[in-house]
Amino acid sequence: MALITEFPLFAFTTLGGMAAGAYVAAACFADDGREAKRPWLFPLVCLALLGVGLLGVLGHLGRPERFLLAMSNPASMIAEEAYWSIAFGVLMLVDFVLLLRRGASPRAVRVAAAVAALGLMGVMGWAYFTSYGNPAWATWQTLPLFVAGDLAMGAALWALFRGEGAYRSGAFAAAFTVVGALAIASIALTAAHFASFGYDALPFAAAVVLAAGVASGLLAWKGKLPAAVGPAAAFALVLAGVATARYAFYAASIL
């Protein structure tokens with residue numbers, strides 16, 4: 001697959017979207033972090049993912065001053081992504097500081113962060129849905145491709161921090177399966193849409209890898225995988241599947 005000119009944006013939506021999806025999972029299923037030995041590590045890693053992703057936005061724009069110029073126009077999609085990223089980042093920072101200093105964080109903080117995360121995921125998808133210059137992107141399939149993919153990656157990341165305990169929860173295992181299935185379906189629908197425009201849909205076969213990740217989660221729930229293997233395998237496979245499909249999505253910009 002050719003190197004994409006939008007690699008910085010790929011990095012931003014993949015890393016930032018994964019962090020956003022992880023906080024949605026944390027708000028829905030996690031406690032205040034007191035069960036973990038280092039509860040502050042989760043928000044720190046998510047902060048790092050978002051930060052590295054935002055560096056990708058700067059790389060896309062070429063010069064830092066262009067970022068400030070873009071933020072001065074609230075109607076631009078880059079500005080909206082920046083606003084949601086800042087809100088999400090600040091709330092993650094609050095969560096990190098509370099967990100570092102007190103060892104616990106109010107659930108309201110993670111719920112607020114999850115709301116900002118959902119806003120960020122939605123804006124990421126909307127930015128390409130409204131890319132009328134590229135008909136392969138400007139389609140309804142783009143929205144679930146981004147949102148469902150982010151939720152699947154994020155759930156797998158959160159479960160990685162929680163270890164085997166995450167998949168022992170029937171509610172989480174069910175939610176993980178549902179978002180995984182939605183992500184797989186969105187990839188298949190996007191592949192069909194791309195094929196209708198003459199693009200190579202083969203890279204979207206990464207949905208098979210994603211399916212293997214979902215299966216790993218289910219096997220962990222059933223206790224069929226070692227405790228140290230299940231969460232790691234599910235995360236690696238889901239990340240590989242979603243990232244490959246998203247790379248293929250961006251490749252449409254150079255064909």
Side-chain angles (χ1 to χ4, degrees), residues 12-33 35-36 39-54 80-81 83-96 98-99 105-127 142-163 165-167 169-187 210 213-214 217 221 231 234-235 238-239 241-243 245-246:
F12 169 59
T13 60
T14 302
L15 299 179
M18 178 164 49
Y23 256 80
V24 172
C28 292
F29 299 102
D31 55 20
D32 59 7
E35 289 186 7
W40 47 266
L41 188 58
F42 172 73
L44 179 62
V45 169
C46 290
L47 267 171
L49 289 171
L50 180 63
V52 173
L54 286 171
E80 292 188 23
E81 288 174 331
Y83 297 152
W84 283 107
S85 295
I86 291 171
F88 179 40
V90 168
L91 289 165
M92 283 196 293
L93 181 60
V94 171
D95 192 33
F96 167 70
L98 289 173
L99 289 169
S105 178
R107 184 176 180 83
V109 173
R110 290 203 167 172
V111 171
V115 171
L118 286 169
L120 177 59
M121 288 187 289
V123 168
M124 284 178 177
W126 191 261
T142 295
L143 296 174
L145 179 72
F146 276 83
V147 176
D150 291 344
L151 289 173
M153 288 190 297
L157 176 62
W158 175 79
L160 185 64
F161 277 90
R162 294 280 292 178
Y167 292 102
S169 166
F172 174 77
F176 179 67
T177 302
V178 169
V179 296
L182 289 174
I184 293 168
S186 69
I187 292 173
L210 175 55
V214 175
W221 173 53
F235 172 72
V238 168
L239 174 60
V242 174
R246 191 161 298 183

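Note: hydrogens, waters and symmetry copies are ignored here, and every other heavy atom, side chains too, is used.
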Check: [Y] and [X] side chains under 4.5 Å, non-hydrogen atoms:
X	Y	result
Leu145	Ile187	yes
Pro144	Leu182	no
Trp126	Glu80	no
Met124	Trp84	no
Val45	Phe161	yes

Answer yes or no: is there a donor N or O on one side and an acceptor on the other, between the side chain of Arg107 and the main chain of Ala27, under 3.5 Å?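 Side chain of Arg107 to backbone of Ala27, a donor-acceptor pair under 3.5 Å: yes, one is there.
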Between the main-chain N or O of Gly149 and the side-chain N or O of Arg246, is there a donor-acceptor pair closer than 3.5 Å? no
Non-hydrogen atoms of [X] and [Y] that approach each other most closely:
X	Y	answer
Ser85	Leu120	OG-CD1, 3.4 Å
Leu210	Gly180	CD2-O, 4.2 Å
Leu143	Gly125	CD2-C, 3.6 Å
Ala234	Phe176	CB-CZ, 4.3 Å
Ala175	Phe29	CB-CZ, 3.5 Å
Thr14	Met153	O-CE, 3.6 Å

From [atom1] ([X]) to [atom2] ([Y]), nearest 0.5 Å:
X	Y	atom1	atom2	value
Cys46	Leu15	SG	CG	11.0 Å
Asp150	Leu157	CG	CG	12.0 Å
Phe88	Met121	CZ	CE	8.0 Å
Leu93	Ile86	CG	CD1	13.0 Å

Between Phe172 and Trp158 (judged by ring centroids, cut-off 6.0 Å), do the two rings come close enough to count as a pair?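 Judged by ring-centre distance (under 6.0 Å), Phe172 and Trp158 do meet the cut-off.
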Counting neighbours of CH2 on Trp40 that are heavy atoms of other residues, nucleotides or ligands and sit closer than 6.0 Å, is the number greater than 12? yes
I'd like to know whether Asp95 forms a side chain to side chain contact (heavy atoms under 4.5 Å, CB included) with Tyr23, so could you lay out the CA-CA distance, the side-chain angles of the two residues, the decisive distance to 0.1 Å, and finally the verdict. CA-CA 11 Å; Asp95 192 33; Tyr23 256 80; 2.7 Å; yes
